[in-house]
Q: 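Got a structure here, written out as structure tokens. Questions coming.
Below, chains carry the letters A, B, ... as their sequence lines are ordered, and counting in each starts from 1. Atoms considered below: every heavy atom in the structure, side chains included; atoms not considered: hydrogens, waters and symmetry mates.
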There are 2 protein chains.
Amino acid sequence: MIDKNLLNALAGTMQPSGKKTVKQERIIESAIILFAEKGYSNTSTAEIAKMAEVAEGTIFKHYGTKENLLLSLLVPFLRDFLPVMADELMDDLMTQETSFQGFLKNLLKNRSEFFLENREVFQIFIKELIYKENLKNELLPYIIENGSSRLTKVIENFQKRGELVNKPAEFILKTLGTVISGFFISRFVLLNRQSISDEEIDEIIFLIVNGIGQ
Amino acid sequence: MIDKNLLNALAGTMQPSGKKTVKQERIIESAIILFAEKGYSNTSTAEIAKMAEVAEGTIFKHYGTKENLLLSLLVPFLRDFLPVMADELMDDLMTQETSFQGFLKNLLKNRSEFFLENREVFQIFIKELIYKENLKNELLPYIIENGSSRLTKVIENFQKRGELVNKPAEFILKTLGTVISGFFISRFVLLNRQSISDEEIDEIIFLIVNGIGQ
DNA sequence: AAAGAAAGTGAGTAACCACTCAATTTATAA
DNA sequence: TTATAAATTGAGTGGTTACTCACTTTCTTT
């Protein structure tokens, strides 16, 4: 069970990522493929060992438990996912004099590429998030807090410029969160898409900015 | 594995829903609670039997396999979910002279109530949909086809009245699908909400109709 | 009340599960 | 080269799983 808090999970027991054996890497790769395809609990360690062409014992020598193997492939993803969700935005906005629409496009293209590169791990993450109450309770508030605190400034900035509707930042955040998370989860997890076209990105941007009413 | 097509699954091997034993109903109820909470593959038939206060053999007498038990609780939900997604809309729109905004409100409140009533089965359905490629390949096109064909008329109607942006009905359908499915899945599956407030419904309607740009 | 059918039981089973461990191979360092 | 450490192996273990089946109980019909 994943019950240690996020910071512990990130900093903690994991060995430094540099010192990986060839077999260790094959184990991780195979686990990612199989977990994404069939789900964590429908994948046996025997299957992973077979695919990685490794003895089952090797998995447990390195990762101790199956749960810890899951954590070992989730943590690097989260370590990239969580901070970038807040930091890279700042650059995209503050350095350039982009419009809200341009800001949205940068954000969506950036996250689109990231999720595409990490498609399988993203799938594993969402699928596990749905089942594991404790993981949900640890991570969601963290993600929301982390994203909110910095995005709020961005939103208020655009409101001052008159590019955004004059409603509480909270409302705008919630709305953006619903639409954007819905967009990525439906595409990458539900529909299992291998790519996202620019047109599709333009389409939700149009919705977010203009709505579909007349 | 669920590989028969949808119509077979709906019409097929299932016994008529009327002739259920008390114990049969307790089995279904328990399975719904446990599958929703811990997921299908993390729930054992022994657990279900224990919760339903029934011998394990009884489950298999009636349902044959665990997979078929899953189907038996999913099918009534789908039988209600699929047609209503198309029929009830017609009434909400055609009989009343409602605005697009009113139409959306009716639609969202109606589906909100339905998903709330069937919260657990909806969760099970989405969770299984994510994993089972064949179920996804059978159902999603069916749902999309079924919803699209009738909603297209509604959309064109509102476009004629000048209440909707003048873009292809396909675009509007896709957009509505993304936002609405994202809304319900995030609330009922990811966040595990027990209710949806009217304000929240008004909020996405505002987004859908106006966007958040200025 | 008798008989047949249907519902319900629970101990038993083979397959599978995550995980262990003593033994072996390979890499590292002196 | 030799000693020590680290990586790898795979047969083995106890526990769990979905499912079976011979049997008993309850319902239905005449």
Q: Salt bridge (charged side-chain N to carboxylate O under 4.0 Å, His left out) with A:K105: which residues, sequence neighbours excluded?
A: A:D202
Q: Just by distance, do the side chain of B:Y40 and the backbone of B:E67 share a donor-acceptor pair under 3.5 Å?
A: yes
Q: Describe the nucleic acid contact of B:T21 in one word from base, sugar-phosphate, nothing, applying a heavy-atom distance below 4.0 Å.
A: sugar-phosphate
Q: Which nucleotides of nucleotides 13-28 of chain C have their base under 4.0 Å from a protein heavy atom (B), which only their sugar-phosphate (S), and which neither (-), written as one string 5' to 3'?
A: ----SBBB--------
Q: Partners of B:Y131 by side-chain contact (heavy atoms from CB on, under 4.5 Å), sequence neighbours excluded?
A: A:K127, A:E128, A:Y131
Q: Please report, rounded to the nearest Å, how far the C1' atom of C:dA6 is from the NZ atom of B:K23.
A: 13 Å
Q: Tell me: CD1 of B:I59 to P of C:dA11, nearest whole Å?
A: 16 Å
Q: Mind checking side-chain contact (heavy atoms from CB on, under 4.5 Å) for B:S197 and listing every partner two or more places apart, or none if nothing turns up?
A: B:E199, B:E200
Q: Taking atom P of C:dG8 as reference, at what distance in whole Å does atom CD of B:Q24 sit?
A: 7 Å
Q: To the nearest angstrom, how far is B:E53 atom CD from C:dA7 atom C1'?
A: 17 Å
Q: Would you say A:T58 places a side-chain N or O within less than 4.0 Å of OP1 or OP2 belonging to D:dT9?
A: yes
Q: With A:K136, which residues qualify under side-chain contact (heavy atoms from CB on, under 4.5 Å), at least two apart?
A: A:L129, A:E133, A:L140, B:N192
Q: Using a 3.5 Å cut-off and no angle test, enumerate the donor-acceptor pairs between side-chain atoms of residues 48-61 of chain A and protein atoms at least two apart in sequence or in another chain.
A:
from, atom 1, to, atom 2, distance (Å)
A:E56, OE2, A:T45, OG1, 2.8
A:T58, OG1, A:A55, O, 3.3

Q: For C:dG8, take OP1 and OP2 only and decide whether either is under 4.0 Å from a side-chain N or O of B:H62.
A: yes
Q: Can you check the B:L70 CG to D:dC19 P distance for me, whole Å?
A: 12 Å
